[in-house]
Q: 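I am attaching a structure below and will ask some questions about it afterwards.
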Amino acid sequence: MNRNKVIILAAAAGLLMGSGVAALAVDKLKKITGEELSGIRIKWFDSRQEYQVEGADGSIIPVPADEVDSLDIAKPEGFDKAVKAMAAKQYDVAIPILDDVATRYKRLDWDGRAREMLASAYFAKGDFKTAADKMAELIDNTPKNQLTDVQYGIYWTALMGAQRLAILKKALNEAIAGESKSLAALAVIKRGDLAKAEGRREDAVLDYLRSVILYEEVRGVHPEALSKAADLLREMRDPREDELRKKLMSQYPESVQARKLGGG
């Protein structure tokens with residue numbers, strides 16, 4: 001959308017607000033070139049693999065999927081109700097709302113958030129297979145640059161719980177060999193979790209430590225890795241446990257793991 005159209009849209013929204021009429025929601029799309037487009041509605045067309053930005057004046061601007069960097073879409077109606085239901089552990093209330101959002105907002109940002117919550121709901125119900133299915137739909141149908149490390153982590157956790165280990169191992173290997181250092185570090189920790197679940201404690205400890213040593217710049221995962229490695233070393237009666245806990249407390253004192261260890 002050219003600059004004049006953006007100004008017109010903003011002015012129209014301001015007039016509506018000033019007149020007491022509810023302002024139109026504004027959806028935003030950012031292209032990989034840095035250009036930003038705004039409109040009263042953004043739609044996704046699966047068959048054409050493109051987005052369409054609809055302006056207040058009725059104009060339509062098509063944008064191929066591979067040109068899109070990110071989206072900012074107005075919150076779906078009913079989403080807050082699902083959030084409240086999840087907080088109250090009313091999963092059977094939240095699930096149909098989230099399923100609807102995930103379907104109607106496919107490739108429109110909110111499908112990812114809805115599927116994350118759906119997975120959490122099914123985790124709570126002990127249904128890891130359905131949780132894995134919900135996340136697989138997101139992982140398989142969303143460009144990698146629009147997926148988050150958190151979403152991958154949820155998917156891997158669901159796969160492990162569902163005992164889909166061949167799929168999990170393949171996914172972890174791909175992540176470790178990929179370009180994202182943060183995702184690779186997370187995958188190494190998850191590979192350690194898998195080794196632990198299979199009774200290979202020494203392999204698990206090695207992977208936890210690899211995520212710290214080989215991915216020094218990905219500090220966000222270090223507290224979890226150090227804590228898990230220390231816990232396993234304690235089970236193995238290995239004195240190196242103390243060294244790892246001291247490192248956790250000294251280098252990451254504000255982490256959840258350090259606060260828990262310190263009784264905070």
Q: When you check the gap from the basic side-chain N to the acidic O, do Lys84 and Asp80 get nearer than 4.0 Å?
A: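 A salt bridge is absent here (no side-chain N lies under 4.0 Å from a carboxylate O).
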Q: Apply salt bridge (charged side-chain N to carboxylate O under 4.0 Å, His left out) to Asp99 and Lys134, showing your working.
A: CA-CA 9 Å; Asp99 266 327; Lys134 298 297 181 182; 2.9 Å; yes
Q: If we ignore hydrogens and angles and just use 3.5 Å, is the side chain of Asp69 paired with the main-chain N or O of Gly34 as donor and acceptor?
A: no
Q: Tell me if a side-chain donor or acceptor on Ser227 pairs with a main-chain N or O of Pro223 at a distance below 3.5 Å.
A: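 It does not hold such a pair.
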Q: Quick check: closest heavy atoms across Ile189 and Ala225, and the distance to 0.1 Å?
A: CD1-CB, 3.9 Å
Q: Identify the heavy atoms of Leu118 and Ala102 that sit nearest to each other, and give their distance.
A: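 Where Leu118 meets Ala102 most closely, the heavy atoms are CD1-CB, 4.5 Å.
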Q: Between Gln52 and Glu54, is the side-chain hydrogen bond (donor to acceptor under 3.5 Å, both in side chains) condition met? List the steps.
A: CA-CA 6 Å; Gln52 288 190 355; Glu54 181 180 338; over 6 Å; no
Q: Less than 4.0 angstrom from a charged side-chain N to a carboxylate O is my criterion; do Asp207 and Lys228 meet it?
A: no
Q: Return yes if some donor-acceptor pair links the side-chain N/O of Trp110 with the main-chain N/O of Phe79 below 3.5 Å, else return no.
A: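 Looks like no, no N/O pair under 3.5 Å.
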Q: Using a strict 4.0 Å threshold on nitrogen-to-oxygen distance, state whether Asp231 and Arg245 make a salt bridge.
A: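 Judged by the 4.0 Å cut-off on N to carboxylate O distance, Asp231 and Arg245 do form a salt bridge.
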Q: Is there side-chain contact between Leu71 and Asp27, with at least one heavy-atom pair below 4.5 Å?
A: no
Q: Counting only heavy atoms not in Glu202 (residues, nucleotides, ligands), do more than 12 fall under 6.0 Å from its CD?
A: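 Result for CD/Glu202: open.
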Q: Check the pair Ser70, Lys28 against side-chain hydrogen bond (donor to acceptor under 3.5 Å, both in side chains), reporting the backbone distance first and the verdict last.
A: CA-CA 9 Å; Ser70 62; Lys28 300 177 182 178; over 6 Å; no
Q: Mind listing the closest non-hydrogen atom pair of Arg107 and Ala65 along with its distance?
A: NH2-CB, 3.7 Å
Q: Is there a side-chain contact between Asp109 and Gln146 (heavy atoms, below 4.5 Å)?
A: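 Side chain of Asp109 against side chain of Gln146, heavy atoms only: no contact under 4.5 Å found.
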Q: Please find the pair of heavy atoms, one from Ser182 and one from Asp149, that lie closest to each other, and give the distance.
A: OG-OD2, 2.7 Å
Q: Of Asp140, Asp111, Asp46, Asp100, which is the lone residue that meets salt bridge (charged side-chain N to carboxylate O under 4.0 Å, His left out) with Lys106?
A: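 Among the candidates, only Asp46 passes.
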Q: Between Ser211 (side chain) and Tyr208 (backbone), is there a donor-acceptor pair under 3.5 Å?
A: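 Yes, the answer is positive, given that a donor and an acceptor are paired below the 3.5 Å cut-off.
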Q: For Ile97 and Lys81, what are the C-alpha separation, side-chain angles and deciding distance, and is it a side-chain contact (heavy atoms from CB on, under 4.5 Å)?
A: CA-CA 8 Å; Ile97 299 173; Lys81 180 180 178 180; 3.8 Å; yes
Q: Same cluster for Leu214 and Leu172 if Ile/Leu/Val/Met/Phe/Trp/Tyr side chains link at under 4.5 Å?
A: no
Q: Name the orientation class of the two ring planes belonging to Tyr51 and Trp44 (parallel below 30°, tilted from 30 to 60°, perpendicular beyond 60°).
A: tilted
Q: In plain terms, say whether Arg240 and Asp238 are close enough for a salt bridge, that is, a side-chain N and a carboxylate O under 4.0 Å apart.
A: yes
Q: Between Arg259 and Glu254, is there a donor-acceptor pair closer than 3.5 Å when you use the side chain of the first and the backbone of the second?
A: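 Side chain of Arg259 to backbone of Glu254, a donor-acceptor pair under 3.5 Å: yes, one is there.
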Q: Could you tell me whether Arg191 and Asp203 have a side-chain N and a carboxylate O separated by less than 4.0 Å?
A: no
Q: Just by distance, with hydrogens left out, do Glu116 and Gln151 show a side-chain donor and acceptor under 3.5 Å apart?
A: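 Yes - a donor-acceptor pair under 3.5 Å links their side chains.
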Q: Relative to each other, are the rings of Tyr252 and His222 parallel, tilted or perpendicular (30° and 60° limits)?
A: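 It falls in the perpendicular class, over 60°.
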Q: Should we say atom CD of Glu67 is surrounded by more than 12 heavy atoms from elsewhere, each under 6.0 Å from it?
A: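 Above 12, so yes.
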Q: Any idea which heavy atoms bring Leu37 and Lys31 closest together, and the distance?
A: CD1-CD, 4.4 Å
Q: Give the intermediate values and the outcome of side-chain contact (heavy atoms from CB on, under 4.5 Å) for residues Leu168 and Leu194.
A: CA-CA 9 Å; Leu168 174 59; Leu194 179 58; 4.2 Å; yes
Q: Passes ring pair (Phe, Tyr, Trp, His ring centres under 6.0 Å), Phe128 versus Phe123? Steps please.
A: CA-CA 6 Å; Phe128 288 93; Phe123 285 164; 5.3 Å; yes
Q: When you group the ILVMFWY residues by side-chain heavy-atom contacts below 4.5 Å and let the links chain together, are Ile167 and Trp156 in the same group?
A: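 Yes, Trp156 connects to Ile167 through the hydrophobic network.
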Q: Measuring only between side-chain heavy atoms, which start at C-beta, is Asp133 closer than 4.5 Å to Tyr122?
A: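 No, too far: nothing below the 4.5 Å cut-off.
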Q: Would you name the heavy atoms of Met86 and Met117 that are closest together and state the gap between them?
A: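 Closest approach of Met86 to Met117, heavy atoms only: CE-O, 3.4 Å.
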